[in-house]
Each structure stands twice: as C-alpha cells, then as structure tokens.
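These numbers were taken from a predicted model, which means no experiment stands behind them.
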Amino acid sequence: MNRGDLAHATLDDEVERIRLEARHRFGGFVLDHVNPGSYFLNHERRALDKRLFEQAGDLGLLRFSLPVDAGGDGRDKLAWGVVVEEIARLSRDPGFAVLLDITVEITELILSSGSPELIDAYVPDLLSGRRFGVQGAYENRDPYDYRSTARLEGEEWVLNGAKRFLAGARFADLFILFVRDEASNDMLAFAVEKDDPGVSAVHMDTMGLHTMGLGQVVLHDVRLPAWRLVWRADALSELNTYARIRRTMSACGVLGALDGVVDACVESLTSRRRGGRPVLDYTNVERTVGEMRMLLQSARAGIHRALDDTRSPGRDPHFDEFATVAKHQAAECALRVGRLVMGLQGGEAYMSAFPWERFMRDILGLVSGQGSQETLLIQLGQRAIVGLEGRKAREDAAERSVARCADAWWALHAVERRGAASGGFADAVGEMTTAAGLDGDIAPEQLDAVAGLLNQAHALLAAVRSGQAPDALPPGPEGLFEGRLAELADAVWALVACAVAHESGLLSRLVRPTTAKEAADDLSEDLTEGLLRILTDASLVHGDDTGRHTVEPGLERVLIGGPRAAAFAARLRRTVIAGARLRAGTRGLGRTMVPGCGGEAAVLADALVDGLLGRLEGLPWALDAPDARVGCAAADGGRTAAQLARHVPSVPVLALEPEQVVVPPVGRDGDRAQGQGFSDRIHVRAGERARFAADDRLALAWLPAGGHTPEGLRTAVADAVGALLPGGWLVAPCPLPPKRPQGAAAARLELAVVGGALPTGTAVEESLREAGLGQVRTAWEDAALGLRLVVGRRP
C-alpha cells in the first residue's frame, strides 16, 4: 500500500536527472581545471583566473539557462539552479559557482533591456566567457538616496560615485551599475566597462572569499554615450527582479558547498579512532552527523521548492517569498553545520591547511550577499503584513461590490415607490432616490420599465427559492434604460444573478475553476451560462481561455462555510425579502431580519469570543462567577441565544423573546447530528415578562440596537444594566452605515422596511453612558459587514 506509482515523476526525480547531466557535462571541468591550486589561490588571496570562464563558455556552461534566440540552450531556472548546486558541491572553491551565476544573470539583465546596441555589444562575449560581468547596486543606503549619481549633459551621461562589495570586480570587464538620476531622482542602470575613463576597480580585503575578486568600483566623471543606458526608468523594479532570482541561486551555491563539506567531514572521520573504537561508532558522533544531514536536507527542500516556483506563471515579478526563505534557511543551516563540523574536527577545524576553517569564512561571506539574514526576515515580515492587509482589502472589496449592487437594488425600489410611499417609508425613500441621483423627474415609460424589471427579478428569485428555477434567464435590463438608470439596472441584475447563484449553490461550486457544464448541477446549462455572463460582467466571477470560471478570490471567505458565510447569506436574503416588502408597502419582518440578529449573530458571537474576550477587562472572570449567566435580548427566535450558548459553552443563557420559542439546534457537528444543540442551557423568558431583572446575575448582556426606537433602546439598556453583575459587560451590536451616501441611504431604507430606525451618530454610546456604564466604546467593527459592537462595563 505504501509503494509509490513508479510512473509518477517527482521533483526529486527531475532534480536527480539534471544533477547527473551536470556531472557528466561539467564535472570533469570542475575537478580538472577549477580545483587544482585552489588552496594556494585562497591562501595567497589571489582571484580566480579569468580564463576559467572562457573554458566554461566553450563547454556551454554560460549558455545553459539563456534563451535560445539569444544563443543559449533555453533551460529553465530549476535546471540552472541544480547545475549551480552541483558545481558548488564538486568545487573546492565555493565562490566559483556563484561567480558563474553572476555573469549569467548579467547577461539576462542586458537581454531584458531590449536594446539591440547593448545586446550586440556584450551578449556574444558574455556567452563565450570572453567578458565577465557583475552587478553593482549595494551602497548600504535606500536606492533613492544613492550617492552614486548620473546627470545628462547633452548627449552623454556623466556618472559619479562608488559601489562596494562587488564579487568579481577585480577581473570583471563589464559592470551593470544602478545609480540615481540627479534630475528626476529615479533609479537608472548603465553598462560601464572597466576601461572607460574614470573607472577604477579597487581591491577589498575581506575575511573570506579571497578568490572571488571582491572589490569596489569608483566612478569619477565617467562619460557614457546614451546607448549604454540599460533602463530609462524604474530600474529599481529590474533590480528587484534580479535580486529575486539571485537569492535562489546564491542559496544553491551555499547548498552545494554545504553538501560537499558534510560528505568531506564524515569521510575524514572514517579512519579516526578513539578508545580503540572508530569515531563514527560513538552515539554522539552519529547524532551530530544526523543533525548535519537534517540541516542539509531541510535547506535542500526549501531551495528546490523555490527553484520549482520559478516555473509558476503567477509568480511575483519583484519579490519571491520562497527564494527569500530558502536563502535565509540555507545560510542558517550552513552556519550550524559549520559549528558542528568544527566540534567534530577539533583542533584541525581551526587550521587553515584543512577545508573546515575556509568553509566557515567563505560561508559567512555568502550569507551577507543578496541581503543579510536580518534584512531577509524584515522583508518577509513586511511581505506577510502587506499580504494579510491586501487579502483583507480584497475580501472586503469583494463584499462591498455585492453591497453596491444592493444599493442599486434599493435605488430602483425607491424609484418605483417614490409616489406611493407614506409614513415611515416616505423620508427613507426620498433620501434613497436623492443619494442615488434619481430625484429628478423620470418618464412614465421608464417607471414602467423599472417595475417590469423588478417584477422579473422577484419572480426569478421566488422560483429559485421554491426549487423551480427556469431553464434560462428572463430578459435583463439591456437596452431599457440610459444614463444613471442604466448603471443602476445593470447592478440590480448583477445582484439578482448573485442571489440566484448563491441560493442554488452555483457560487460555491465556482470556488475552484469550473466549466459552465460542470458548475450547472441542478440548474440548466443555459441558465448557468447566463448567470456566469452577468457575474463576469460585474467582476464577481472571472473566466479563462479554457472556458473555466472562478469566483472572485475575495468572495471565497463567504462561500466556504462558517460565521462569515452565514452573515453573507443572511444579508442577501434580507435584501431580497425586504425589497419585496417595500413594493407591497408593508413594514416589519421580525427581529430575525434586523442587522446584527438572526443569521448575522454567528459572526458577532465569534468576534466576541475570538477577538474581544481578552479586551473586555474582567469579563472572563465575571463569566466564571457562581450562577453567572449570559443575557440575550435579540428577540430573534432564539437564534442569537443559540449562537451565544455555542460560543460560551460553560455559561447558561437567558433569552428574552416576545413569545415562547423552540431554540434551533446550532451546536457542534456532533450535537447537530444527534438532533441536539445547546437548548438545554438556554432559558427563554417570553411574553410580557421578557425583560431583564435585577436578580438575573448577568456577566454579559447582549442587546442588539438595530430596530429600536431611541426611547425603547434607553429602556432596554437600563433593564440590562440593572441585571449586570459588578464588572459585567453590555455588548450592543449596531448597524454601521457605509460611508458612501448611497450605501448609508440604503441601510436606512432597509431598516425602515424591516421595522425600526437606524441609530444616529453616537446615540447607542450615549444610552450606555446615561445608564451608568463606563469604558463605553466601539470595541469591534467591520465595514464590509456593516456592523459594529458597542460595549460598556458596569463599575
């Protein structure tokens, strides 16, 4: 059962094939030409012989990963990374493989410029190894604060400044240098040759990497023709792209050196004996070797994953998280292995005649390249923070897109009812039409068209809810309206499509790419295609070239289940039903439809326990008090009480309801499967007695403010405060109107239909303070949900 599919090729299989190819094609070159004399080159602090790169060019090593149309072999970065790793493993000079990759990357930078003059002048020589190129960006300063600058004088650019820590600077022929434009402060990049007047390559004395020819390049009034400008603007993006792949390749060089030193260390111990026993037989030595192997393999896993990711079409062009992690992990593993090797080798580890001391010095040099360890962690942290914020913004934006369609829904309903609205509806309807830009005269035929469109919308929604979806969509608003009415009608039809797709389960099936036929399920294929077309036009669904459709990623969180999904479904259902009530001229849908109650209770209870429990001072202890209870005044048929009982499972819940109800079973999956919930811990106080009393001993009072009149809210708050234990908290879920005028008007109209008024300004906070509560504040809010939690504590 544990045997793998022999026909399935894994990433390891691919890597091993490339490694074998690299050994056969290039191994002999490394062993016969690179390794001989490497100890003395390092000891005498002499740079590598540049002729090695010409030999590498003759072998095709420098062409390996470059595009075919540029004279290369066209192999991908995974293959090139494995080649760099294998060369570093075979080489006794860990810097050689790094230098190979640097000149290859410089060739790619020149190719990416798209400049025929640059490509013709440099690429053939770089491919053959007749030239060696390096990149210079480092100044230990922000790019837009570089001291290295360029200014345009006539037809020439004049460069001044210096670049430090350039690998290969002492024997390079070509430098791609990043400087700041004095005029625009933009980042520019230039191709600078070592023989250009004013260019000096200065030796740098370093702890290790002596053969890499580390140095500085100094520029003094270097005049360059215009064609030497590699990028005319935004060179920083190109630098980031370069650094992204360089991190992975630098890690490959570290990995190869790490692999080689682990093997060499174990091999060197095979002949040693202590106390008459082979050293390798001692348990502590076996354990140390095992740790080195673990470190090697963890570094390898991260690097190969990063290499494989270079083939992903959706890869970020400027920052590679996998590459950054791989570089950091490889460096940390190498440093730890170095310390373990020094422990095993004893005094020899400190002697320069053996490879262990050099390994430690050179690895320290490679660690700092392409970003120090701290820099990598900072960038990963920044990336994580920005990523989370971006994901939250995308999710909120997706829900707001649906909300804006709901705004249009209310706008057309208000237009239809403008002449017939009376009483509590009239003001809200007038405000809605004004906010939507429809308070002018509308022709009778246009009003008839609005009514006809809404008739079709409600008939379609009713048919789908009853399980009798039509075979195709009825005609939509296309061609019926012009101007603002046309915009709103299109948004209304998108809301209808969204509601139908959600009710039928189509939206949930689009979480992964799916064709119309696959997504249809119980719907007809014609109806499904019509819905997909509307949702795509509204940017709620995206299609690809293969005919597959996927829901907007930001909507995923409201389609995969959980409290957020329940709240989204409740809002959609409330919008549709309340719209029908407005057309009928009737008010009051019950507390289950009030914002913050019914289906939205789960997300609020989850926010209370998961995010606020530790921020409401003393609440956990108050809930632990003997006989303490949670009081719920939602009056929504027990739905909120059941959610509170679910999220606070150790405390009884007192539910105030206008009449006796059966609490719905919404317990954990096991409870639901047995037909049970938390109803055994919920006590319902119904009818005229449905008020909190002083002896209720509430640690937490839950009082949704939506739908209450100002007087009713003050009375309810006073009752709740009287029932609170000292140190107990009152939590008041409140509607949070959108900042956009049309959305705020829609929220007020919806609440007017449901049966209540929208609390204005700080009315809820004032009610809590008047009742004697302290620490009154908005403790949580969610603009996409349109809800907030106002809290206050009884002293």
Side-chain angles (χ1 to χ4, degrees), residues 590-598 600-605 607-609 612-613 616 619 622-623 628-645 647-648 651-658 661 682-686 689-694 696-725 727-736 751 754-760 762-781 787-794:
R591 296 285 298 175
T592 58
M593 288 292 179
V594 170
C597 297
E600 291 179 317
V603 73
L604 295 174
L608 169 72
V609 175
L612 294 183
L613 198 59
L616 302 184
L619 180 57
L623 290 169
R629 291 197 286 183
V630 171
C632 176
D636 59 355
R639 288 168 175 78
T640 298
Q643 291 297 340
L644 289 170
H647 284 83
V648 190
V651 183
V653 176
L654 170 62
L656 305 184
E657 295 290 339
V661 298
I682 299 175
H683 172 67
V684 177
R685 184 180 295 164
R689 296 178 57 252
R691 297 177 63 179
F692 290 127
D696 284 335
R697 296 184 58 79
L698 301 182
L700 171 69
W702 187 272
L703 176 60
H708 283 290
T709 63
E711 296 78 11
L713 180 61
R714 282 194 291 270
T715 300
V717 168
D719 289 343
V721 171
L724 281 175
L725 291 169
W729 285 85
L730 187 148
V731 178
C734 305
L736 178 65
L751 201 53
V754 170
L758 188 68
T760 59
T762 59
V764 178
E765 287 89 340
E766 291 170 1
S767 296
L768 269 60
R769 290 192 182 97
E770 288 174 5
L773 296 182
Q775 301 184 47
V776 175
R777 63 188 186 270
T778 295
W780 176 91
E781 67 177 40
L787 294 170
R788 65 183 179 126
L789 294 178
V790 178
V791 301
R793 182 175 184 267
R794 178 175 178 179

**Report entry** Nearest non-hydrogen partners of Phe692 and Ala720, listed with the distance
**Finding:** CD1-CA, 3.7 Å

Query raised in the report: Nearest 0.5 Å, what's the SG-CG distance between Cys632 and Leu654?
Result: 9.0 Å

Requested in this report: Measure from the side-chain N and O atoms of Asp636 to the backbone N and O of Arg591, and report whether any donor-acceptor pair falls under 3.5 Å.
Outcome: no

Query raised in the report: Would you say the side chain of Val653 lies within less than 4.5 Å of the side chain of Arg629, judging by non-hydrogen atoms?
Result: no

Query raised in the report: Distance from Leu730 atom CG to Arg794 atom CZ, nearest 0.5 Å?
Result: 11.5 Å

Query raised in the report: Between Val764 and Thr778, is any pair of side-chain heavy atoms under 4.5 Å apart?
Result: no

**Report entry** Student check: side-chain heavy atoms of Pro595 and Glu600 closer than 4.5 Å
**Finding:** yes

Query - Leu725 side, atom CG; Leu623 side, atom CG - distance, nearest 0.5 Å - result: 9.5 Å

**Report entry** Residue pair Val721 / Ala771: nearest heavy atoms and the distance that separates them
**Finding:** CG1-O, 3.5 Å

**Report entry** Point-to-point distance, once rounded to the nearest 0.5 Å, from CG of Leu768 to CZ of Arg793
**Finding:** 14.0 Å

Query raised in the report: Are the side chains of Val651 and Leu700 in touch, meaning some heavy atoms are under 4.5 Å apart?
Result: no

Requested in this report: Verify, without hydrogens or angle tests, whether Arg685 (side chain) and Arg691 (backbone) share a donor-acceptor contact under 3.5 angstrom.
Outcome: yes

Query raised in the report: Does any N or O in the side chain of Asp696 come within less than 3.5 Å of the main-chain N or O of Ala693, such that one atom is a donor and the other an acceptor?
Result: yes

Query - Separation of Arg714 CZ from Glu766 CD (nearest 0.5 Å) - result: 9.0 Å

Query raised in the report: Which distance, rounded to the nearest 0.5 Å, do you find between the CD of Gln643 and the CG of Leu608?
Result: 12.0 Å

Report task. Please report the shortest heavy-atom distance between Ala705 and Cys734, naming the atom on each side. Result -> CB-SG, 3.8 Å

Query raised in the report: Which atom names give the shortest non-hydrogen contact between Ile682 and Ala642, and what distance separates them?
Result: CD1-CA, 3.7 Å

Query raised in the report: Is there a donor-acceptor pair closer than 3.5 Å between any side-chain N or O of Glu657 and the backbone N or O of Val684?
Result: no

Query raised in the report: Below 4.5 Å, heavy atoms only, C-beta onward: do Trp780 and Leu604 meet side chain to side chain?
Result: yes

Requested in this report: Taking all non-hydrogen atoms of both residues into account, name the closest pair between Pro735 and Leu751 and its distance.
Outcome: CG-CD2, 4.3 Å

Requested in this report: Give the minimum heavy-atom separation between Leu787 and Gly596, together with the two atoms involved.
Outcome: CD2-N, 3.7 Å

Requested in this report: Taking the side chain as every heavy atom from C-beta outward, state whether Trp702 and Leu789 have any pair of such atoms under 4.5 Å apart.
Outcome: yes

